[in-house]
Amino acid sequence: MSILVTGGAGFIGSNFVLDWLAQSDELVINLDKLTYAGNIENLQSLNSDHRHVFVQGDIGDSALVANLLAQHPPRAIINFAAESHVDRSIHGPEDFVQTNVVGTFRLLDAARAYWSGLQSDAKQNFRFLHVSTDEVYGSLGKEDPAFTETHRYEPNSPYSASKAASDHLVRAYHHTYGLPVLTTNCSNNYGPYHFPEKLIPLMIVNALAGKPLPVYGDGQQIRDWLYVKDHCSAIRRVLDAGHVGEVYNIGGWNEKPNLDIVHTVCALLDELSPRVDGKSYREQITFVADRPGHDRRYAIDASKIQRELGWKPAETFETGIRKTVLWYLENQNWVTNVQSGTYREWLEKNYTGRAA
Ligand code: NAD
Ligand code: TYD
């Protein structure tokens, strides 16, 4: 038995692969294009592990995917592969349409051809699990109830629009062709191996480097935060017991304004790695121009997955964020290695000239 994981060298995908092989001996075929966000170093502990087969390639390469499916027939495909950063989608939406929309379509089509050729039990047990985001639902007002699975889609960024399109294609492949799909829509993740262009790792890395901590707008935008290992356990649970064709929202019951997140990170760093001048890292907070079209609030109602599948997060924000800050302090080599030339180009593009 094996599973095909796409995007398994990225932040969540690599955590998922590591957790999977810590708990099971089932072979993982890991298909990842290794874009700037893919980092094979995340998986170095699996270098000589025969349960992990890494293949560099694009989910949109139909011939490659068809070959992989024939060579290592999986019982499930878990699709993490995506362009995932909202700010990048504002600067360059094309890659998002290419991977998130066209790529997911081609992957679905290859999965359909493969699944159609399976024999009875294997066909019935096969699953295509699509990993998506709460951002497809759009922005909430302060008092609005949290997103449920039936909330209408109102994506506002090229990223969320491309993920919304992929969710619709997944749904259509189930309703039209009967492909046994599952979709998960999760809130903001944080934890080990998070690329330091996203809020939490960027704040940790910039703080330690003595750089400004750029807070967009007034910093009162609200996100729901979930420790990445909890997201991975939810996906495993949905894969095991989710009802075909269903959507499951995954979240941490943990809504926080961005500025509170930044203050928490600063407080932990003040405790665990104080500045030499004795001042707080908060001194480095800088308010910068807001993100265009910035969604004000996301909130996930994760009661369906708790009620139907018995899943709830194991970490609170307090335990998860402490583990995360400690991980970055203990893995400064990883940080140095991902801060390559292209990373610096990104910082230049996104932050230079961003007036306060
Ligand atoms: P990431 O950007 O860290 O990783 C994406 C991975 O996909 C990278 O390894 C990259 O190399 C790979 N990839 C990109 N294009 C590819 C292609 N065409 N073919 C094969 N591989 C390709 O993203 P992440 O944060 O790990 O997110 C994983 C998934 O979870 C995404 O689908 C994202 O939309 C979703 N999600 C993320 C969050 C979050 O907070 N990070 C929350 C909810 C949902
Ligand atoms: P991000 O980590 O990019 O995730 P997403 O946009 O998918 O939610 O950003 C999280 C929040 O933090 C979002 O409201 C934008 C904000 N943010 C900043 O204020 N400053 C930054 O430098 C970054 C990267 C994000």
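In each ligand, atom 1 is the first atom listed, and ligand 1 is the first ligand listed.
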Visitor: Whether Arg223 engages the ring of Tyr190 as a cation-pi pair (distance to the six-membered ring centre under 6.0 angstrom, angle to the ring normal within 45°) should be assessed.
Guide: no
Visitor: Are Leu43 and Ile59 joined in one hydrophobic group, where the rule is that I, L, V, M, F, W and Y side chains link up if heavy atoms are under 4.5 Å apart?
Guide: no
Visitor: Pairs under 3.5 angstrom, nitrogen or oxygen on both sides, ligand 1 versus protein: list them out, please.
Guide:
| unit_1 | atom_1 | unit_2 | atom_2 | d |
| --- | --- | --- | --- | --- |
| ligand 1 | 2 (O) | Ser84 | OG | 2.6 |
| ligand 1 | 3 (O) | Phe11 | N | 3.0 |
| ligand 1 | 9 (O) | Gly10 | N | 2.9 |
| ligand 1 | 9 (O) | Asp32 | OD1 | 3.2 |
| ligand 1 | 9 (O) | Asp32 | OD2 | 2.6 |
| ligand 1 | 11 (O) | Asp32 | OD1 | 2.6 |
| ligand 1 | 11 (O) | Leu34 | N | 3.4 |
| ligand 1 | 11 (O) | Thr35 | N | 3.0 |
| ligand 1 | 11 (O) | Thr35 | OG1 | 3.2 |
| ligand 1 | 18 (N) | Asp58 | OD1 | 2.9 |
| ligand 1 | 18 (N) | Thr99 | OG1 | 3.0 |
| ligand 1 | 19 (N) | Ile59 | N | 2.9 |
| ligand 1 | 21 (N) | Lys33 | N | 3.0 |
| ligand 1 | 23 (O) | Ser84 | OG | 3.2 |
| ligand 1 | 26 (O) | Phe11 | N | 3.3 |
| ligand 1 | 26 (O) | Ile12 | N | 2.8 |
| ligand 1 | 32 (O) | Phe80 | O | 3.0 |
| ligand 1 | 32 (O) | Val131 | O | 3.4 |
| ligand 1 | 32 (O) | Lys163 | NZ | 2.6 |
| ligand 1 | 34 (O) | Tyr159 | OH | 2.7 |
| ligand 1 | 34 (O) | Lys163 | NZ | 3.1 |
| ligand 1 | 40 (O) | Asn189 | N | 2.8 |

Visitor: Which ILVMFWY residues can you reach from Val86 by hopping between side chains whose heavy atoms are under 4.5 Å apart?
Guide: Ile90, Phe96, Tyr159
Visitor: Report yes or no: is the cationic atom of Lys304 (NZ for Lys, CZ for Arg) under 6.0 Å from the centre of the six-membered ring of Tyr248, at an angle within 45° of the ring normal?
Guide: yes
Visitor: Tabulate distances under 3.5 Å between N/O atoms of ligand 2 and N/O atoms of the protein, writing both atom names on each line.
Guide:
| unit_1 | atom_1 | unit_2 | atom_2 | d |
| --- | --- | --- | --- | --- |
| ligand 2 | 2 (O) | Leu199 | N | 2.9 |
| ligand 2 | 3 (O) | Arg291 | NH2 | 3.1 |
| ligand 2 | 4 (O) | Asn188 | ND2 | 3.4 |
| ligand 2 | 6 (O) | Arg291 | NH1 | 2.6 |
| ligand 2 | 6 (O) | Arg291 | NH2 | 3.1 |
| ligand 2 | 7 (O) | Glu135 | OE2 | 2.5 |
| ligand 2 | 8 (O) | Asn188 | ND2 | 2.9 |
| ligand 2 | 8 (O) | Arg223 | NE | 2.9 |
| ligand 2 | 12 (O) | Asn258 | ND2 | 3.3 |
| ligand 2 | 14 (O) | Arg223 | NH2 | 3.1 |
| ligand 2 | 14 (O) | Asn258 | ND2 | 2.8 |
| ligand 2 | 14 (O) | His294 | NE2 | 2.7 |
| ligand 2 | 19 (O) | Tyr216 | N | 2.9 |
| ligand 2 | 20 (N) | Pro214 | O | 2.8 |
| ligand 2 | 22 (O) | Pro214 | O | 3.3 |
| ligand 2 | 22 (O) | Tyr351 | OH | 2.6 |

Visitor: Ring of Trp20, cation from Arg236 - is the NZ or CZ under 6.0 Å from the centre and inside 45° of the axis?
Guide: no
Visitor: In terms of side-chain heavy atoms, does Thr104 have a donor or acceptor partner in His130 at a distance below 3.5 Å?
Guide: no
Visitor: Report the residues that fulfil side chain to side chain donor-acceptor pair (under 3.5 Å) with Glu83, sequence neighbours left out, ordered by chain and then residue number.
Guide: none
Visitor: Using the side chain to side chain contact (heavy atoms under 4.5 Å, CB included) definition, which of the options Ile250, Ile300, Thr133 pairs with Ser187?
Guide: Ile300
Visitor: Check the angle between the aromatic planes of Phe195 and Tyr36 and answer parallel, tilted or perpendicular using the 30° and 60° thresholds.
Guide: perpendicular
